[in-house]
Amino acid sequence: MILKKVLIADAVDKAAVDILLKRNIQVDIKTKLTNRELISIIRDYDVLIVRSATKVTKEVIDAGKNLRVIGRAGVGVDNIDVDVATRNRVLVINAPGGNTIAAAELTCIMILSLARPVVAACSKLKSGVWDKESFKGNEVMNKTLAIIGLGRIGREVARRMQAFNMRTIGFDPFVTPEVARSFGVEYMELEKIWPLADYITLHVPLLEATRGLINSITLSKCKKGVRIINCSRGGTINEKALLEGLNSGQVAGAALDVYEEEPCKFTELLEHPKVVCTPHLGASTREAQFKVAEEISLQILTLMDGDSLHVPGAVNADVIP
Ligand SMILES: O=C(O)[C@H](O)COP(=O)(O)O
């Protein structure tokens, strides 16, 4: 594949530029473009690299008359219209492994921050109040953690939380009970999971099958006082139902990194005293950003070398010539 001009449209680590420049590829960095601005310039590029902020819509792809590759420096491609890309013979690639550990570690922090109210206690102390009474937490030892989605990230979460002596149960339609057992997870169908879990963490992509997976019905099947963690994709939780659950006491806490709409404007949820929230920081470590930038740019070089069999992040591989 001949690829000469790359547009980086989101905040991608410099490693990507360094790798591409070594092969004399022209790299332009233009972040925070509006959709209209992106549409007006995309025709000049063979490759577009994004994270999750830029929405690569049908209009953008149609305007990209010379576009051959869209690279996602990260995992989720739900900000890219992959169907239209496929129809237009534009290859979509992602960096499937680079931010696994960052996302798994943030999830563990979220679980622990629901068990021990560190965030609330810290803000109170910073506001000048020494309050030792209001922040009694819980131990996670011997509690049950349900992991929905047993892919790369779900497995790393399981291994880490087992070190805290949590019982780990889980479900994934693409994983067998034997495989789940190999990393210490007791495999169960969702209907069995809901009433057992003290904590539920989601590690699924946003698909029609996972949209609103946590909703008023599934929450009503859970133990009273369940805690919900989401560092996967917004939209997998029905936020209105979650808020109702928090208000009724059915849900004892929620730790959210991703939202139905980003940036999230659902202030009632964000400001809820039982909610710990971060602005989609799952992949935001120096190490992860270096790795995804390196992973995506090396795949671009591999495509240039015609070695398409070694492009692990090809999302619509049938487009590869
Ligand atoms: O899908 C991903 O890779 C993560 O959600 C990270 O998204 P980001 O690159 O926009 O931080």
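Quick note: residue numbers are just sequence positions, from 1. Just so you know, ligand 1 is whichever comes first in the structure, and atom 1 is the first atom listed for that ligand. Only a predicted model underlies this, so the values are computations on that prediction, with no experimental measurement involved. Values below: all heavy atoms of this structure, side chains included; hydrogens, waters and symmetry mates excluded.
- Sorted by first and then second residue, the pairs that involve residues 265-289 and meet salt bridge (Lys or Arg N to Asp or Glu O under 4.0 Å), not counting sequence neighbours, are Glu261-Lys265.
- Applying the side chain to side chain donor-acceptor pair (under 3.5 Å) rule to pairs touching residues 97-118 yields nothing, sequence neighbours excluded.
- Ligand 1 lies under 4.0 Å from heavy atoms of Arg51, Ser52, Arg72, Ala73, Gly74, Val75, Gly76, Asn99, Arg233, His280, Ala283.
- For the atom pair Ile147 CD1 and Ile169 CD1, the distance stands at 9.0 Å (nearest 0.5 Å).
- Within the 3.5 Å criterion, the main-chain N or O of Ile39 finds no donor-acceptor partner in the side chain of Glu59.
- For residues 117-126, the set of pairs meeting the side chain to side chain donor-acceptor pair (under 3.5 Å) definition, not counting sequence neighbours, comprises Lys124-Asp131.
- Glu260 contributes a side-chain N or O that, together with a main-chain N or O of Glu239, makes up a donor-acceptor pair within less than 3.5 Å.
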